[in-house]
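Each remark here refers to the structure printed beneath this line.
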Amino acid sequence: MQSVLSTVFEVQPDSKDMLVARIVQLRQDEESLVGPQGEKYGRLKVRVPLLHFMALSVFEDDRYDPILVIETNFDGPPGPFWAQLEAAVGEDLRAILRFCERPSGPTGALFDRVVAADSRQPIAPLLEGHSFQPLIVHLGNRGLDRDRILREADLFHAARTILADADRTAPNPYRSATSATAIHADLRGALLASFPWLDEPAPARIPAHENRSDWLRLGGFLALLLLALSLPGVLLGLMLRPWWVAVLLSLVAAAAFAASIRDLGDLLRFFGTSDGAAPADARPRPTAGSRLVTALKGSAGVVAVIGVYLAIPSAAAAAVVAPLTGAGFGDIFRASAQVLGAGLASVPASALAILWWLRRLEARDASHDHPRLDEGKLRAMMEREDHIAQNHMGSLVLVKPGVLRAVLLRVGLRGLGLVLRVTEWARRGYLGSMRTIHFAHWALIDNGGRLMFFSNFDGSWESYLDDFIEKAHSGLTLAWGNATGFPPARFLLLDGATQGRKFKAWARHSMTVSLFWYSAYKDYTVDQIERHARVADGLRRRSLTKEEGTLWARDL
Amino acid sequence: MRVEGVGPRGRPGGLKGALAGWMMRSLPAVFRVLRAVSPVLRIGDTVVVTRYDDVREVFLNDDAFAVPYARKLDVIMGGQPFFLGMRDTSDYRRDTAAMRTVVRSDDLPALAAEAGRLAAEAVRAGGGRIEVVNDLVREVTFAVLGRYFGVSDPPDGDLRIWASRLFEFQFADPGDDPDLRAEVDAIAPALRAHIQGLIEARRASGAFGDDVLGRCLDRQSRGDPGFSDGQIRAALTGFVVGGPPQPPMVVPQALEQLLRRPAELEGARKAALAGDDALLLGYVLEAMRFDPLAPTLPRVAVRDELIAAGSRRATNVREGATLLVAFSSAMMDERRVPDPRRFNPRRLAHEYMHFGHGLHTCFGLQINHAILPMMLKPLLERRGLRRAPGPDGHLRKRGAFAERLEVVYDPE
């Protein structure tokens, strides 16, 4: 299990520059502490083995005091990670926190103790108390812990070294091998002594309990969503006769449909083609027969879900109410099912009404097409980019006002996050058809007033944003469309990030300098890590079939 | 040679001893419940602290939570202050700094080698069967450290007995046993006189020698602060009482834990055979985590103080209260220690608190790290290492003290 947390502290405005200098000093210190292979950031690599990525950023805003954000991506639950981090850089973090404001909440007393002169108060509880989970997370190499990533990379390089045949005067046995399975057997034999873990089965990347939990959470979310959307129908069903309910809902639906009809076609077309967002290698092209089977299965599933949705609460209501009132179980059951049915019938009307409301808001939204970029800040950001195969992006934006935005932002991001947890291609690291993100997340701060985005990705910032624009614009618009100044969007999915120039300017303007940024495996892209994993998985097996061997050997 | 009765007196045997043993064995489960239900438990004037964060906090807050050792140390030292009983004062800093100039990290390789050599001799002499507590670990520890400190056996007594009795009096006698006190009243002045005699004899010989005593006298001759006769005597007494009695407790306990886990025993054996001393130390420290030196260490609140501020378990501790700081529980706290019930010889240093934490972290921590694994290494290197048949093959304790553990192995 990988965890993503953000830890936020407000900064004393007068101390901002000193804070920045202290963070830069930490960066320089860590760069100078080399690891076992002479690499920079050796202390963090050795003493915080749970850590994948970490960044310290300071965001400035004319309307708020600056904030310090510690972004952490790590393995396992948070507790042991904070203990490791404290043991490695606790005193540096204590020095950094001394430039922050005392929190007003329950952690204020603890903060005082942590930052007091000569304090030795443990710092992990404070960091833990100020950290929070994001609304949505995307993982590039889900289920691979840091040690496994490094271990499998070492294995891959060892295999490559053997294949490269150091003695170039002698015939390379692997070139003359008759088949991929023979190469597999030879390589496994040669590597087993140095990598004894090849004899052990690979830990499941998504254990059964985690898979169950993902689906249960998504199911719970959808049930709550259904309940919320059916609430108007339920209320009307309790007050009015069924035919009045039907008339009222039809009127609302018709009015909302009529008001949004110009754009609804685009939305329907989007959903009709949205599976195109999945990566090419992740989706087998369906035949007409398989489409029919899928449609039938889907319909049967929907009918079954509706049946369960109506039957269980109705039976429960009847079981409770019938003995109390003396009415018949069947009567109560039928009445309850009728009300719930009215609720279900109101779902389309509710959805259309929300879409209509949203379109009204979107039509009146202001955007920020030409944000003014501070040249110095831009230069500082760019100086920190493109040093290694990966880059880092941290962004903070204001959220558009209004209750609908507040609800949609939370529901949209939470729902998208839960869908990403169960979708096969997202589980394999794809966002749309791009697989360049190691860890990315969105999180709300200031009671939902501001939206943070952090990403650790492969390649340059320009190519990353281009990927977003071309391959994942709808998800991005859903996540960011509720932020002020975002390029105009429709229905939170359409347009928005497709307006490349405006979107890039807006995104760059929202960013800050990555003052401190650590990657535990700076040379590896998401794809490369998956390649290492495939090679390792193959080598873990004692033998491969001819077809498996051919596929496996492609990664060597 | 088997030596009987050199260990601490320990707790009585029989039903009372069995009951005490059962209670000690139950403590991990009790702590587990406390960590979840009542992490900072107050019973009258006693506060039991069980979570990793709170244990660290108490150890690190020595301004408010002092060690309660001075009263008994005064008995042992005859009133001469020793840094183990001090608070973080200039005297404490001077004395510890002085002793760090004579107990040096560059001594560690030689100490480790000597411990390994003597242990190998003992294992060889055992001829396929050895009693680990006394015949291996106690013998080797006292021989290595006695020579290193420059403190030989007294002519009229046994240093192992004297040190072990004084250790028990200082650290494991919460009930102030009058019989033990009577013994201490005889042993403590005799040990002080013995060490003073060694100081004077060495000074009179004109050759200081390169052990801790010799280095102290060299510093004294140069007029360095912290090296009066009284200070040297107290330091050597403290080292002898606080140091060598501990390995005969923890090393057999570690071996017992390894014997219970065949896969881990095999891992430790491979590390020993490969000469990977760092990994072997990892096995020993990890085995000790499942049966550490003691369940708790005591502290006394010298002012009113809050523990775990800002959390729901925040607890006010009143001045004068006794704190039982459960470092054994902290090392099993899944809130900070990853997968604590799994045996993992590659844990990080911060996951262990075997040697205390903060101001009074064991002065001999590095020495222990150097010699503890070396005493097991020759045993682990032997083929067929296993428990001796019968009850002798299982670690027997008296109270908190290891008393007997016999193992057999293939003779060379």
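Being a predicted model, the structure only gives us computed values, none of them experimental. Note: hydrogens, waters and symmetry copies are ignored here, and every other heavy atom, side chains too, is used. In what follows, every chain begins at residue 1, and chains take the letters A, B, ... in the order their sequences are listed.
- Contact record, A/Pro80 with B/Val337: CG-C, 4.2 Å, taken as the closest heavy-atom pair.
- Atoms CG and CG, from B/Asp53 and A/Leu126 in turn, are 11.0 Å apart once rounded to the nearest 0.5 Å.
- Within a 6.0 Å radius of CZ in B/Arg341, other residues, nucleotides and ligands contribute more than 12 heavy atoms.
- Distance CG/B/Leu60 to CD/A/Gln121: 8.5 Å, rounded to 0.5 Å.
- Around CZ of B/Arg32, the count of heavy atoms belonging to other residues, nucleotides or ligands within 6.0 Å does not exceed 12.
- Closest non-hydrogen pair, A/Arg47 versus B/Leu348, comes out as O-CD1, 3.5 Å.
- Heavy atoms closer than 4.5 Å to chain A are found in both the backbone and the side chain of B/Arg336.
- Within a 6.0 Å radius of CG in A/Asp199, more than 12 heavy atoms belonging to other residues, nucleotides or ligands are found.
- Contact annotation for A/Pro122: both backbone and side-chain heavy atoms come within less than 4.5 Å of a heavy atom of chain B.
- Heavy-atom contacts from other residues, nucleotides or ligands closer than 6.0 Å to CZ of B/Arg318 number 12 or fewer.
- Heavy-atom neighbours of B/Asp106 CG from other residues, nucleotides or ligands within 6.0 Å: above the threshold of 12.
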Which is it for B/His350 and A/Glu86 under the side chain to side chain contact (heavy atoms under 4.5 Å, CB included) test, yes or no, and what are the steps along the way? CA-CA 9 Å; B/His350 73 271; A/Glu86 171 164 13; over 6 Å; no
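- When heavy atoms are compared at a cutoff of 4.5 Å, A/Glu128 approaches chain B solely by way of its side chain, counted from C-beta outward.
- Within 6.0 Å of CZ in B/Arg313 there are more than 12 heavy atoms belonging to other residues, nucleotides or ligands.
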